[in-house]
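Presented below is the structure to which this report refers.
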Amino acid sequence: MFTTRFAPSPTGRLHKGHAFSALTAWTAARAAGGRFVLRIEDIDPTRCRPEYEAAIIADLAWLGLDWDGAVRRQSDHLGDYAAVIESLRRRGLLYRCFRTRKDILNAIGDAPHGAMEAVRPGPHAANEEARLLDDGAPFAWRLSLDRAREVLGEAVWNGLTFVEEGHGPDGLTGVVAVDPTAAGDVVLARKDTGVAYHLAVTHDDALQGVTHVIRGQDLFAATHVQRLVQTLMGWPTPTYRHHGLLAGPDGRRYAKRDKSVTLAELRAEGLSPQALHAELGFSRAG
Ligand code: GLU
């Protein structure tokens, strides 16, 4: 059954961009006679707060949206993610990384910020790793692209694709060739929480039977690595519909820092959900 989701992180109040995204996914689900699930992506304890989760739920209800089944809160399921990490680890697909963000930055020197996401530091030397483990130093688990390529074989590695029914930032649509190296040896388990975004999101999309991932173009690049994780885990590949990001009056895209456009503010100013639907291009009366 057509199943899509809205998966906000409770790191702040929802803004108009979130409302557009949630309405896009909800409308698609209802039009298809399918399911719309709500997932709270709160695995980062340094940025997420329970009061924002409550606010998200209140804002979505105000918008007139309803969702199917229980809300899945990722922080309640850390054991599920740990089990996936363990299975990838047993297959030799992960290596420990004790490096700090600063170590990595120093190693890549003057490379642009984006390179941070595509680093491939490789495993530590065995004796160094043993010493760090002995010291009780915290470590992350990184995906080994070398091992992933070996496990999948050249044909699969070179032939990964996903279907984009929306469009990427450069207008890319249709069958998209995946660059499995796009995110480098990505961290799948953080030092502090034992899980990271790409792992939790692909696990949950599979678990919740998500057939259509509908989200903003800012996450288009993430699809490459997520497709790789799905393949390694034997999880189904959803169809993707990335949508354009809403721009504010100044032409910049809405972000959580723009406090003035939170739904809470708009509501306090007396905006009705119906008016917001109309402004965002959705005709249904809330
Ligand atoms: N939790 C992510 C965010 O708030 C969205 C994840 C996704 O849609 O894949 O940006």
Side-chain angles (χ1 to χ4, degrees), residues 3-29 35-57 59-60 63 65 67 71-78 81 117 162-169 176 178 182-183 186-188 190 193 195-230 233 235-246 253-258 261-263:
T3 300
T4 190
R5 44 49 160 208
F6 181 54
S9 297
T11 57
R13 297 300 304 251
L14 295 187
H15 53 69
K16 274 190 197 175
H18 291 114
F20 179 74
S21 204
L23 273 163
T24 303
W26 182 89
T27 304
R35 298 174 67 239
F36 174 73
V37 299
L38 176 60
R39 185 162 79 222
I40 300 295
E41 301 209 325
D42 62 343
I43 52 171
D44 182 347
T46 61
R47 297 175 59 229
C48 296
R49 296 218 230 119
E51 57 268 35
Y52 289 136
E53 175 185 326
I56 286 169
I57 288 175
D59 285 344
L60 294 177
L63 258 184
L65 304 193
W67 45 91
V71 177
R72 180 173 171 91
R73 183 189 300 121
Q74 289 190 326
S75 63
D76 289 342
H77 301 280
L78 296 180
Y81 311 127
E117 302 305 325
F162 63 89
V163 175
E164 175 59 64
E165 286 185 352
H167 45 102
V176 177
V178 167
V186 72
V187 170
L188 292 184
R190 284 167 42 148
T193 55
V195 60
Y197 163 63
H198 294 297
L199 187 101
V201 80
T202 49
H203 172 274
D204 287 359
D205 283 341
L207 182 82
Q208 297 185 292
V210 170
T211 59
H212 290 71
V213 171
I214 301 175
R215 61 185 178 188
Q217 281 176 353
D218 52 334
L219 288 165
F220 183 82
T223 309
H224 290 265
V225 59
Q226 291 174 14
R227 182 70 183 87
L228 176 60
V229 174
Q230 287 156 1
M233 289 305 298
W235 290 330
T237 311
T239 295
Y240 289 84
R241 290 187 192 169
H242 291 94
H243 59 72
L245 301 174
L246 217 60
R253 75 180 177 92
Y254 282 115
K256 282 176 184 157
R257 63 179 175 274
D258 300 324
V261 293
T262 63
L263 302 187

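Positions are given from 1, in the same order as the sequence printed here. Values below: every heavy atom of this structure, side chains too, minus hydrogens, waters and symmetry copies. Order of listing sets the numbers, starting from 1, for every ligand and every atom in it.
Residue Q226 has no nitrogen or oxygen atom sitting less than 3.5 Å from a nitrogen or oxygen atom of ligand 1, judged on distance alone. The shortest N or O to N or O distance between A7 and ligand 1 is below 3.5 Å.
In this structure, A206 and W235 approach most closely via the heavy-atom pair CB-CG, 3.6 Å.
Residue V201 has at least one heavy-atom neighbour below 4.0 Å for each of these atoms of ligand 1: 9 (O). Of all atoms in ligand 1, numbered sequentially from 1 with element shown, those under 4.0 Å from a heavy atom of R215 are 7 (C), 8 (O), 9 (O). Counting the atoms of ligand 1 from 1 in the order shown, those under 4.0 Å from a heavy atom of R5 are 7 (C), 8 (O), 9 (O). Atoms of ligand 1 found under 4.0 Å from any heavy atom of S9 (numbered from 1 in listed order, with element): 1 (N), 2 (C), 3 (C), 4 (O).
Inspection of the Q226 and Y197 side chains reveals an N or O donor paired with an N or O acceptor under 3.5 Å. Remark: the Q208 side chain and the R5 side chain contain no N/O donor-acceptor pair separated by less than 3.5 Å.
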W67 and V37: side chain to side chain contact (heavy atoms under 4.5 Å, CB included), yes or no, with the steps? CA-CA 5 Å; W67 45 91; V37 299; 5.9 Å; no
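Residue-ligand proximity: Y197 is placed with a non-hydrogen atom under 4.0 Å from ligand 1.
Neither the backbone nor the side chain of D218 has any atom closer than 4.0 Å to an atom of ligand 1 (non-hydrogen atoms only).
Taking the six-membered ring for Trp and thresholds of 30 and 60 degrees, F162 and H242 have ring planes more than 60 degrees apart, a perpendicular arrangement.
Checked against side-chain contact (heavy atoms from CB on, under 4.5 Å), H77 has the following partners two or more places apart in sequence or in another chain: R72, D80, Y81. T3 pairs by the side chain to side chain donor-acceptor pair (under 3.5 Å) definition with nothing, not counting sequence neighbours.
Checking Q74, H18, E41 against atom 6 (C) of ligand 1, the nearest heavy atom belongs to E41.
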